[in-house]
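Data block below; observations after.
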Amino acid sequence: MSVRSGDHDHLDGNALAGPLSEVFAVDVTAATGRCVNCGRTGPVAALRVYDRAPGLVARCPGCDHVVLRLVRTPDAAYLDLTGTVSLHIQLPPAAGEPGT
């Protein structure tokens, strides 16, 4: 989804679903992250994603701090999460555990 915010056009964090699916086995857009700058906690899908760089840059919707950078080359992916204090990813139950 493309939205207008101030002087910047950006996408919401759902734009990260496809590129991050190459790195993670689960949908990371549903994960909850915490911004290292302001402490805001929220789903990755709520981040503001800018795609006019060599890769994707995701910024905190609260303070505009860079939370995540993802660059894809022909044979590798570079994921920078230095703007994230933590990333809580809900996993499905392991085989043999209740609910499987």
For this session: Could you pull out the closest heavy-atom pair between Val57 and Ala53, with the gap in Å?
Result: CG2-CB, 4.5 Å
For this session: Would you name the heavy atoms of Leu47 and Cys60 that are closest together and state the gap between them?
Result: CD2-CA, 4.2 Å
Seminar exercise, completed: Heavy-atom nearest pair, Leu56 first then Ala15, reads CD1-O, 4.4 Å
Exercise. Can you name the closest pair of heavy atoms from Gly55 and Val71 and give their distance?
Worked result: CA-CG2, 4.1 Å
Exercise. Side-chain contact, heavy-atom cut-off 4.5 Å: Val28 with Leu16?
Worked result: no
Problem set entry | Exercise: identify the closest heavy-atom pair between Gly13 and Thr29 | O-CG2, 3.5 Å
Exercise. What residues form a side-chain hydrogen bond (donor to acceptor under 3.5 Å, both in side chains) with Arg69, not counting sequence neighbours?
Worked result: Asp80
Problem set entry | Sub-4.5 Å side-chain heavy-atom contact between His10 and Val49 | no
For this session: Not counting sequence neighbours, list each pair that qualifies as a salt bridge (charged side-chain N to carboxylate O under 4.0 Å, His left out) and has a residue in residues 18-30.
Result: Glu22-Arg72
Donor-acceptor pairs are to be reported for all side-chain atoms of residues 34-41 against protein atoms at under 3.5 Å, with residues two or more places apart or in another chain.
{"unit_1": "Arg34", "atom_1": "NE", "unit_2": "Thr41", "atom_2": "OG1", "d": "3.2"}

For this session: Write out all pairs satisfying salt bridge (charged side-chain N to carboxylate O under 4.0 Å, His left out) with one or both partners inside residues 81-95, taking only residues at least two apart or from two chains.
Result: none
For this session: Starting at CG of Leu68, measure out to CG of Leu87 and round the result to the nearest 0.5 Å.
Result: 8.5 Å
For this session: Could you pull out all residues at least two apart from Ala76 that satisfy side-chain contact (heavy atoms from CB on, under 4.5 Å)?
Result: Thr73, Tyr78
For this session: Tell me, please, which residues at least two apart from Val23 pass side-chain contact (heavy atoms from CB on, under 4.5 Å).
Result: Ala77
For this session: Find out whether Leu20 and Leu79 are in side-chain contact, i.e. whether some heavy atom of one side chain is under 4.5 Å from a heavy atom of the other.
Result: yes
